[in-house]
Amino acid sequence: MKLLLLPCVLLLAACSSAPVQPWERGNLARPDMAWDTDPLHSAMRDHVNVSKEGSSGGLNTGGGGCGCY
Amino acid sequence: MTKTKKCNPLAALTTAALALPAISHLAHADTAPVKTELGYRYSQYQEDDIDDNKILIGSPQRYEVDNHAFRLVTPLNAQLGLTVDGSYETMSGASAYGVAADAQGEPKMIMTGASIDDKRTDVSASVRHYREAGSVAFALGYSGENDYTAFNGSIEAEQQSADRLTTYSGGIGYSSDELEPEQTPGINRPTSEDKSALNAFIALTQVMNAGWQLQGGLFTGMHDGFLADAYKARDIRPDQRQLFGVMARSRNFMPSLKAALHTDYRYYNDDWGIQSHTLEFAWHQSLTQQLRLVPLLRYYSQSQADFYVDSDSINNSGYQSSDYRMSPFGAITYGLGIVYEEAAYRLVANVERYDSDGDMALESVDQENPALVNYNLMSVGVDYRF
């Protein structure tokens with residue numbers, strides 16, 4: 001249950017963000033700051049994890065296919 | 001004593017402009033692609049052989065997969081972007097047919113011969129329409145194997161707040177799958193089954209400061225139809241599954257270290273009784289302006305499904321499965337990536353090691369499933385922009 005608190009804490013923290021001007025967002029636009037830095041590799045990793053573990057899903061709409069390794 | 005640092009607008013704008021090539025990496029929907037990008041990855045997936053002392057019958061050899069993946073991202077006009085993904089993979093090896101108790105009552109694997117030889121083709125296309133402070137994307141996909149065909153479609157939308165610091169997003173997707181198991185003389189398998197999946201999510205992304213952004217969201221899914229494994233000896237599962245999850249992600253850049261810390265957490269729960277926790281850290285360390293190293297660590301733990309059984313038996317009744325994916329276990333992934341990036345191209349390589357074990361689970365496991373998987377995943381690739 002303690003781990004469940006983590007997203008709640010993060011979301012509460014989001015309520016207290018500081019103003020960031022457009023010219024201050026260079027670091028946020030860096031390639032190593034992307035939510036998914038390598039979509040092609042992530043797709044393979046997700047495909048393997050979905051086929052090897054009993055849970056799946058995330059902040060996407062998923063795809064289709066068996067993945068029955 | 002505190003120093004007050006004056007902001008130099010010209011220097012700041014230059015910094016932002018230097019970061020522009022990176023915009024294509026943002027999976028965000030606020031900017032249409034301005035260049036075409038082609039990507040290719042070759043991945044090799046190799047499972048460890050099963051220990052001989054865990055097998056009752058069959059081959060210790062497990063799955064091996066070679067995967068070729070392609071991606072095209074290109075602008076169609078100022079407001080439309082197209083993404084096309086394709087992959088082709090070959091799979092070979094042996095799979096678990098069942099679990100039986102030996103004379104001492106210990107669960108042992110019954111493996112198929114190393115005769116599996118399958119191919120999978122996966123294609124999807126997405127068109128995203130960009131408008132003021134938001135976007136909408138439509139996607140269609142197809143996946144085909146010798147014994148499996150799936151069609152899927154989805155719609156996703158994003159909207160930014162007026163100050164562009166908060167992004168609201170959501171999406172819904174549907175997949176329709178048909179299974180036609182290959183038949184083996186002497187084994188009774190279904191000839192044709194189908195299933196469907198409806199998945200949806202909502203998320204909120206918040207820029208916290210000039211080097212930190214957070215994302216939190218909820219996701220759910222409803223799966224319906226034939227959800228068992230047709231290639232297992234006795235695998236009888238409910239024909240419906242409802243899942244729910246919470247996800248939180250953080251991206252934090254530390255200029256003094258020239259490094260970005262990625263933290264991802266997911267909580268998952270379904271009405272089959274499985275709960276899981278996934279926590280992942282990736283450290284993107286820039287060594288030069290072009291080169292960076294990316295070590296990662298991922299921890300996963302799940303509880304067992306309500307109908308999980310240690311071994312198959314004709315004495316079991318009702319829903320039952322000895323599939324290791326329904327068993328309680330934990331797993332750790334260690335990985336290392338290397339990225340070399342120029343304005344026009346990018347070279348990448350990754351290696352990962354996945355080890356699973358009953359002892360790694362958050363809760364104690366009385367009887368570990370003998371089929372738990374350990375594997376290596378390696379990939380190399382290139383992206384080219386023009």
Side-chain angles (χ1 to χ4, degrees), chain A, chain B residues 9 12-13 15-16 19 22-23 25-27 39 41 43 45 63 67 69 71 122 141 143 145 148 150 152 154 156 171 173 175 177 199 201 203 206-211 213-214 216-217 219 221 243 245-248 251 253 260 265 267-268 274 276-277 284 292 302 325-326 348 350 373 379:
Chain A
M1 285 303 292
K2 288 179 181 174
L3 284 172
L4 268 177
L5 293 175
L6 178 62
C8 301
V9 169
L10 292 176
L11 287 174
L12 285 174
C15 299
S16 59
S17 61
V20 181
Q21 302 302 324
W23 56 84
E24 296 176 320
R25 299 179 192 181
N27 285 336
L28 295 171
R30 292 172 56 92
D32 54 1
M33 281 289 285
W35 293 111
D36 188 350
T37 56
D38 190 346
L40 275 172
H41 181 60
S42 300
M44 181 65 187
R45 286 188 75 215
D46 292 347
H47 183 55
V48 170
N49 289 334
V50 166
S51 70
K52 298 292 131 190
E53 296 171 344
S55 52
S56 63
L59 302 183
N60 55 60
T61 50
C66 183
C68 314
Y69 294 168
Chain B
L13 283 171
T15 303
I23 286 175
H25 295 286
L26 293 173
R41 298 288 182 282
S43 301
Y45 168 84
Y63 258 107
N67 179 285
R71 166 169 274 214
D122 198 298
S143 179
E145 295 174 45
Y148 203 96
N152 62 83
S154 67
E156 293 184 16
S175 177
D177 303 9
N199 296 302
F201 77 94
Q206 180 69 46
V207 172
M208 302 300 295
N209 58 42
Q213 52 187 341
L214 286 175
F219 62 92
L243 62 92
V246 179
M247 197 156 182
R251 299 290 179 266
F253 183 73
Y265 169 74
Y267 168 75
Y268 168 96
I274 293 179
S276 75
H277 300 276
H284 291 248
R292 72 175 192 268
Q302 72 171 55
R325 289 164 287 203
M326 299 292 108
V348 296
N350 294 278
V373 170
S379 74

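A note on names: the letters A, B, ... follow the listed sequences, proteins ahead of strands, and every chain is numbered from 1.
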Practice prompt. Heavy atoms only, distances under 4.5 angstrom: which of B:Arg251, B:His284, B:Glu156 has the most pairs with chain A? Name it, please.
Written response: B:Arg251
Practice prompt. Compare all side-chain heavy atoms of A:His47 with those of B:Tyr45 and state whether any distance is below 4.5 angstrom.
Written response: no
Worksheet item: Any idea which heavy atoms bring B:Tyr268 and A:Ser55 closest together, and the distance?
Response: CD2-CB, 3.1 Å
Worksheet, complete the sentence: One should read off an interatomic distance between B:Ser43 OG and A:Arg45 CZ, to the nearest 0.5 angstrom, of 11.0 Å
Response to the item:
Closest heavy-atom pair, B:Ala69 versus A:Leu40, reported as atoms and distance to 0.1 Å, is CB-CD2, 3.8 Å
Discussion item. Please find the pair of heavy atoms, one from A:Thr61 and one from B:Phe201, that lie closest to each other, and give the distance.
Written reply: CG2-CE2, 3.9 Å
Item to complete: Identify the heavy atoms of A:Met33 and B:Ala260 that sit nearest to each other, and give their distance.
Response: SD-CB, 3.9 Å
Worksheet item: Of B:Arg71, B:Arg292, B:Arg41, which is the lone residue that meets salt bridge (charged side-chain N to carboxylate O under 4.0 Å, His left out) with A:Asp38?
Response: B:Arg41
Worksheet entry | Nearest atoms (heavy-atom pairs only) where A:Asp32 meets B:Phe253 | OD2-CE1, 4.1 Å
Worksheet entry | Spatial distance of atom CG (A:Leu28) from atom CD (B:Gln213) [nearest 0.5 Å] | 5.0 Å
Worksheet item: What heavy-atom pair brings A:Glu53 and B:Gln302 nearest, and what distance separates the two atoms?
Response: C-OE1, 3.9 Å
